[in-house]
Amino acid sequence: MAEILIRNANERISGEEQVREFLESHEILYEHWDASKLSGELQENFTLTDDQKAAVLKTFEPEIKDLAARRGYKIWDVITLSEATPNLNELLAKFEQIHTHTEDEIRAIVAGKGIFIIKGPEEIGYFNVELSPGDVISVPENIPHFFTLMENQKIVAIRLFIEENGWIAEPYEDPTFIKA
Ligand SMILES: CSCCC(=O)/C(O)=C/O
Ligand SMILES: [Fe+2]
Ligand code: NI
């Protein structure tokens, strides 16, 4: 179940309804898929082959197609990050830089966990969205954010895009951000 940490206030928000209320107040979708739908070989598998990634997408095809129809996503992929990922440091270096996307994108966690750090309005500042399997959020277009792994250092996520070219990030310099 997702949890929020408002960094400046050091205030934690938990509980599905409270988290959803907070995220939706910032135009961030929060839904829940049943991660246990995955077959045994796909559960907690952080070294998915291309065929297994296709099987993950097939497993969640109804949920993906429903979201795509509701919010206009056109393409989707599966990303796995773990110490077994050959270019992990290079990928994390990209994801951990504050950036924006010129479109709203979906992140659906199917294994492991991770944190999206998202820029809220001035009075709130940046907040952490700690995600675990089953959590589905949107990253709204043009909202500064970054992503990092948690202590377990692994995650599998389904990503839905509107842009046919997939993951495109615009760097965002924010001198007000303190990486505590
Ligand atoms: C766990 S999804 C990989 C990170 C990503 O796609 C993104 O846009 C981070 O901000
Ligand atoms: Fe991003
Ligand atoms: Ni959840």
Side-chain angles (χ1 to χ4, degrees), residues 1-6 12-88 91-92 94-96 101 103-118 127-140 143 145-162 166-167:
M1 206 62 73
E3 295 213 353
I4 305 289
L5 175 65
I6 301 174
R12 187 165 279 276
I13 299 174
S14 54
E16 181 126 17
E17 279 322 305
Q18 292 82 347
V19 166
R20 177 172 290 110
E21 194 179 318
F22 176 87
L23 290 176
E24 288 182 350
S25 72
H26 299 294
E27 313 294 319
I28 297 170
L29 167 138
Y30 177 53
E31 297 184 357
H32 213 77
W33 294 356
D34 176 6
S36 69
K37 277 176 70 173
L38 285 173
S39 65
E41 63 152 6
L42 300 178
Q43 293 268 356
E44 294 299 300
N45 182 336
F46 299 91
T47 55
L48 295 167
T49 63
D50 288 347
D51 286 350
Q52 288 172 323
K53 286 183 177 180
V56 169
L57 293 174
K58 191 74 188 146
T59 302
F60 290 104
E61 190 170 53
E63 293 86 344
I64 291 170
K65 292 268 171 84
D66 167 59
L67 258 184
R70 274 188 282 143
R71 294 169 64 100
Y73 303 109
K74 296 279 186 301
I75 62 168
W76 33 88
D77 71 4
V78 176
I79 186 164
T80 58
L81 297 174
S82 77
E83 59 275 7
T85 305
N87 56 339
L88 178 64
L91 285 171
L92 282 179
K94 259 191 333 183
F95 294 146
E96 290 174 347
H101 305 292
E103 58 161 34
D104 175 281
E105 296 182 357
I106 287 289
R107 301 291 182 276
I109 311 310
V110 294
K113 51 188 177 179
I115 306 182
F116 278 89
I117 300 91
I118 299 175
F127 55 89
N128 295 3
V129 187
E130 299 171 6
L131 297 171
S132 49
D135 288 329
V136 182
I137 65 163
S138 66
V139 177
I143 296 292
H145 67 281
F146 65 99
F147 170 83
T148 190
L149 291 172
M150 296 176 79
E151 73 293 338
N152 68 326
Q153 287 296 296
K154 47 191 172 186
I155 193 166
V156 177
I158 295 172
R159 302 185 300 182
L160 281 72
F161 306 93
I162 298 170
W167 196 82

Asker: Tell me if a side-chain donor or acceptor on Q52 pairs with a main-chain N or O of T49 at a distance below 3.5 Å.
Answerer: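 Yes: the side chain of Q52 pairs with the backbone of T49.
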Asker: When rounded to the nearest 0.5 angstrom, what is the spacing between CG in L81 and CD in Q153?
Answerer: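 These two atoms lie 9.5 Å from each other.
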Asker: Distance-only, no hydrogens or angles: does the R159 side chain make a donor-acceptor pair with backbone N or O of D77 under 3.5 Å?
Answerer: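 The answer is no, because no donor-acceptor pair under 3.5 Å joins these two groups.
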Asker: Which word best sums up how the rings of F22 and F127 line up, parallel for under 30°, tilted for 30 to 60°, or perpendicular for over 60°?
Answerer: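 F22 vs F127 ring planes: perpendicular.
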Asker: If we only count heavy atoms from C-beta on, is the I28 to P140 side-chain gap below 4.5 Å?
Answerer: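 In short, these two side chains touch, coming nearer than 4.5 Å.
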Asker: Nearest 0.5 Å, please: how far is NE2 in H32 from CD in E63?
Answerer: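 Spacing of CD (E63) from NE2 (H32) equals 11.5 Å.
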Asker: Can you measure from CD1 (I13) to CD1 (I6) and round to the nearest 0.5 angstrom?
Answerer: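 Here the rounded value is 4.0 Å.
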Asker: Looking at I137, I106, V139, which hits side-chain contact (heavy atoms from CB on, under 4.5 Å) with L29?
Answerer: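 Testing L29 for a side-chain contact (heavy atoms from CB on, under 4.5 Å) against I137, I106, V139 leaves exactly one candidate, I106.
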Asker: Might you point out which heavy atoms bring A2 and V19 nearest each other, and give the distance in Å?
Answerer: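 Closest heavy-atom pair between A2 and V19: O-CG2, 3.3 Å.
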Asker: Using modelled atom types only, decide if a donor and an acceptor are shared between the side chain of S138 and the backbone of D104 within a distance under 3.5 Å.
Answerer: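 Side chain of S138 to backbone of D104: no pair is present.
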Asker: What orientation do F95 and F147 show, parallel under 30°, tilted 30 to 60°, or perpendicular over 60°?
Answerer: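 Plane angle over 60°, so perpendicular.
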Asker: Pick one: which of H101, E103, R71 meets side-chain contact (heavy atoms from CB on, under 4.5 Å) with I162?
Answerer: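 Answer after filtering H101, E103, R71: E103.
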Asker: Can you list the residues that meet the salt bridge (Lys or Arg N to Asp or Glu O under 4.0 Å) rule with R107, with sequence neighbours excluded?
Answerer: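 Once residues adjacent in sequence are excluded, the partners of R107 under the salt bridge (Lys or Arg N to Asp or Glu O under 4.0 Å) criterion are E105.
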Asker: Can you name the side chain to side chain donor-acceptor pair (under 3.5 Å) partners of K94, sequence neighbours left out?
Answerer: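 Not a single residue meets the side chain to side chain donor-acceptor pair (under 3.5 Å) criterion with K94.
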Asker: Just verifying a value: how many Å separate I4 CD1 and I118 CD1, rounded to the nearest 0.5 Å?
Answerer: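 One gets 7.5 Å once the value is rounded to the nearest 0.5 Å.
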Asker: For K58 versus P62, what's the shortest heavy-atom pair and its separation?
Answerer: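 Looks like O-CD, 4.3 Å.
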Asker: Using side-chain heavy atoms (C-beta onward) and a distance below 4.5 Å, is K65 in contact with W76?
Answerer: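 The answer is yes, as the side chains (C-beta and beyond) meet within the 4.5 Å cut-off.
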Asker: When F60 is tested against each of V110, V136, D34 for side-chain contact (heavy atoms from CB on, under 4.5 Å), which residue passes?
Answerer: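 Result for side-chain contact (heavy atoms from CB on, under 4.5 Å) with F60: V110.
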Asker: Going by side chain to side chain donor-acceptor pair (under 3.5 Å), name the residues that satisfy it together with E130, two or more places apart in sequence or in a different chain.
Answerer: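 With neighbours one apart ignored, the set is R12.
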Asker: What are the two closest heavy atoms between S82 and L88, and how far apart are they?
Answerer: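 Scanning both residues, the minimum pair turns out to be O-CD2, 3.4 Å.
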Asker: So, using ring pair (Phe, Tyr, Trp, His ring centres under 6.0 Å) as the criterion, who are the partners of F161 when residues are at least two apart?
Answerer: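 So F161 forms no ring pair (Phe, Tyr, Trp, His ring centres under 6.0 Å) with any residue.
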Asker: Tell me the closest heavy-atom pair linking G112 and P133, and the distance in Å.
Answerer: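 Heavy atoms only, the tightest pair is O-CD, 3.1 Å.
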Asker: Would you say that more than 12 heavy atoms from the other residues, nucleotides or ligands in this model lie under 6.0 Å from the CD of E21, or not?
Answerer: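 No - once you tally the heavy atoms of other residues, nucleotides and ligands closer than 6.0 Å, there are 12 at most.
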Asker: How long is the straight-line distance from CD1 of I79 back to CG of L91, given to the nearest 0.5 Å?
Answerer: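 These two atoms lie 5.5 Å from each other.
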Asker: I need the I109 CD1 to L131 CG distance, nearest 0.5 Å.
Answerer: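 Answer rounded to 0.5 Å: 5.0 Å.
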Asker: Check whether any side-chain heavy atom of L67 lies under 4.5 Å from a side-chain heavy atom of E31, and answer yes or no.
Answerer: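 Touching, per the 4.5 Å side-chain cut-off.
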Asker: What pairs with A111 under side-chain contact (heavy atoms from CB on, under 4.5 Å), at least two apart in sequence or on another chain?
Answerer: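 Counting only residues at least two positions away or on another chain, A111 forms a side-chain contact (heavy atoms from CB on, under 4.5 Å) with E44, F46, V156.
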Asker: Are the side chains of W33 and I64 in contact, using a 4.5 Å heavy-atom criterion?
Answerer: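 In contact.
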Asker: Checking K113 now: which residues fulfil side chain to side chain donor-acceptor pair (under 3.5 Å) with it, not counting sequence neighbours?
Answerer: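 Expected list: E151.
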